[in-house]
Amino acid sequence: MQSENLIDIHGLNSYYNDRQVLFDISFGIPMHQVTVIMGVSGCGKTTLFRHLTGLKKTLPGKIIIEGKDMGEFSEAQLMRYRRRIGVLFQSGALFNSMTLYENIALPLRVHTKLADETIRIMSIMKLNMVGLSEFWNYMPSQVSGGMKKRAGLARALAMEPQVLFVDEPSSGLDPITAAGLDRLILELRETMGMTVVVVTHELESAFKIADRMVVMDMGTIMAVGTPEQIQASEDGRVRQFLNREADPQDLSVDSYVKCLLDRRE
Amino acid sequence: MSNPIQTLGAFGLNKIYDAGRFGVFLLYTLRGIFRPPAKFWPVVKQIEFLGSKSILLVGFTAAFTGMVLALQGYYTLSQYGSEGYVGAGVGLSLVRELGPVLSALMVTGRAGSAIAAEIGIMRIEEQIDALECMAIDAYSYLVVPRFIASLIAMPLLVAYCDIVGILGGHLVGVTLLGVSSGAYWDGFFASVFWSDVHMGLTKSVCFSILIVWICTYKGFYAGVAEGHFGPEAVSRATTNAVVLSSISILISDYVITSVLLYS
């Protein structure tokens, strides 16, 4: 399935102080499709996620969103972009001092002039979408991890975003709840035509929801393609990731001494 | 491995960067006053937290400070036959110095630490990132209500602290030690002028800005400089917030007193 790209990334490099974590990342995120960015822990997925959501500053020319350069966004443009996206964080990132309903109502209260009753109905509808309408007046501390994540998704959908970014939707969830979230993501794509970007290292979930996959390793992209293309990849590192094989360990004395010397430097 | 000069240079640059960020933080906070979301109820809630819930602690501190001032004052002044000036001593000490400083230190310990911890937890749990991703100005939402509430609550707390302290001094000086009530109040009203009250209230406003500025800043950037966002980042931010606020209160107290006394 070929589709126009909503976001194009061109040669993105990223640093934390002097340490480079992303190396020349380039790929496109097609409109109305689910793009899954996957890779082992520490491969730079979350850093890329932070660039795409505007939480980490991007240099000009590196991320183009519908023809506009994200690196040259003014603050007002960044705010406008953020009103069009929904973000589900790994932990749900719900505000602990508010009920689930108040969490979902917050963006509607800030960004719209809707009446309180309308906001209440819309918030309950979003909670209903994720199966939590009965828990609207619960505090985040009173619900389970999976429920927090679903409430986080309801909040991310509150403003009817054009693009949904999801960080590790399945991590820490039981298989049934994780499958429910996967189904919800697919429904959002099918019923609302939403563009979804998912960052995950859960293979089963990734292959179930992806229209397009990006496999990362050590800050670089190893492979981009449809799930079938990724599954058929001959690349050794991609195969190792797909087959869940551990890195071979070199236990010789020479390698141990070298490792110690490297650490001292 | 870097040499000592490099380390010193990096340390200096870090501090300059931190100072710049600290200044920009205040500018963003001031800008946030004029940005959504609406702040009336959040400000009321923060006045309750910063002010109302500090009343007991500040009152307790003020009462015993006034009592001990009267006791010490009586002991010293009675050696010169001037016990009547106990009211003046208690009043001037509290209105000019101890009222604002003690109230500020108590608010820092009780509310400042809680502010730093609460915002620090929001930082490490990605709640501040979530606010930014929802296009909500985090300064306007998190810092401004506390800033305005502190500006309203602190002068009131200081006035309350002064009154309770003076009454505490009266209790010990007049009721326990036998100073005449008329002499106590005469000494007080003859010595404490509007300029002294003005000095105390000016200090309370400056301290309220310092407390909220430092405590919210430390919480807001908990773990950011270090690059890791664990619970220790929150504990460090809270400790630093209380220590830095307390030191800033004492230093600024000296500076404000010098400026107001000799200007």
Pair listing, salt bridge (charged side-chain N to carboxylate O under 4.0 Å, His left out) test, anchored in residues 7-34 of chain B, at least two apart = Glu75(A)-Arg31(B), Asp18(B)-Arg21(B)
ask   = Taking the side chain as C-beta and beyond, is there a heavy-atom pair between Ile136(B) and Arg82(A) under 4.5 Å?
value = no
message = Does Trp136(A) have more than 12 heavy atoms from other residues, nucleotides or ligands lying within 6.0 Å of its CH2?
response = no
Contact class of Leu94(A) relative to chain B, heavy atoms under 4.5 angstrom = backbone
inquiry  = To check you understand the geometry: which heavy-atom pair defines the closest contact between His111(A) and Ala135(B), and what is its length?
reply    = CE1-O, 3.0 Å
note = Rounding to 0.5 Å, atoms CD1 (Ile121(B)) and OG (Ser97(A)) come to a distance of 11.5 Å
key: Heavy atoms from other residues, nucleotides or ligands near OH of Tyr254(B) exceed 12 (cutoff 6.0 Å)   = no
query = Should we say atom CZ of Phe22(B) is surrounded by more than 12 heavy atoms from elsewhere, each under 6.0 Å from it?
reply = yes
ask   = More than 12 non-hydrogen atoms from neighbouring residues, nucleotides or ligands closer than 6.0 Å to CZ on Phe23(A), yes or no?
value = yes
request  = If a pair satisfies salt bridge (charged side-chain N to carboxylate O under 4.0 Å, His left out) and one of its residues is in residues 132-159 of chain B, list it, with sequence neighbours excluded.
outcome  = Arg35(B)-Asp137(B), Glu118(B)-Arg146(B)
inquiry  = So for atom CD1, which belongs to Ile5(B), do other residues, nucleotides or ligands contribute more than 12 heavy atoms lying within a distance under 6.0 Å?
reply    = no
query = Should the heavy atoms of other residues, nucleotides or ligands under 6.0 Å from OH of Tyr160(B) be counted, would the total exceed 12?
reply = yes
inquiry  = So for Met122(B), is it side chain, backbone, both, or neither that comes closer than 4.5 Å to the heavy atoms of chain A?
reply    = side chain
ask   = At what distance, to the nearest 0.5 angstrom, does SG of Cys133(B) lie from CZ of Phe89(A)?
value = 4.0 Å
note = Checked Arg83(A), Arg155(A), Arg80(A) vs chain B; the most non-hydrogen pairs under 4.5 Å come from Arg155(A)
inquiry  = Counting only heavy atoms from other residues, nucleotides and ligands, does the tally under 6.0 Å from CZ of Phe27(A) exceed 12?
reply    = yes
ask   = Taking everything shown except Met98(A) itself, do over 12 heavy atoms lie less than 6.0 Å from its CE?
value = yes
ask   = Heavy atoms, side chains only, cut-off 4.5 Å: are Val87(A) and Met134(B) in contact?
value = no
Region of Phe95(A) that comes under 4.5 Å of a non-hydrogen atom in chain B = both
request  = Determine which residues belonging to residues 40-60 of chain A lie within contact range of chain B, meaning some heavy atom pair is under 4.5 Å apart, and list them by number or answer 'none'.
outcome  = Arg50(A), Thr53(A), Leu55(A)
request  = Anything in residues 101-110 of chain A with a heavy-atom distance to chain B below 4.5 Å? Please list those residues in order.
outcome  = Leu106(A), Pro107(A), Val110(A)
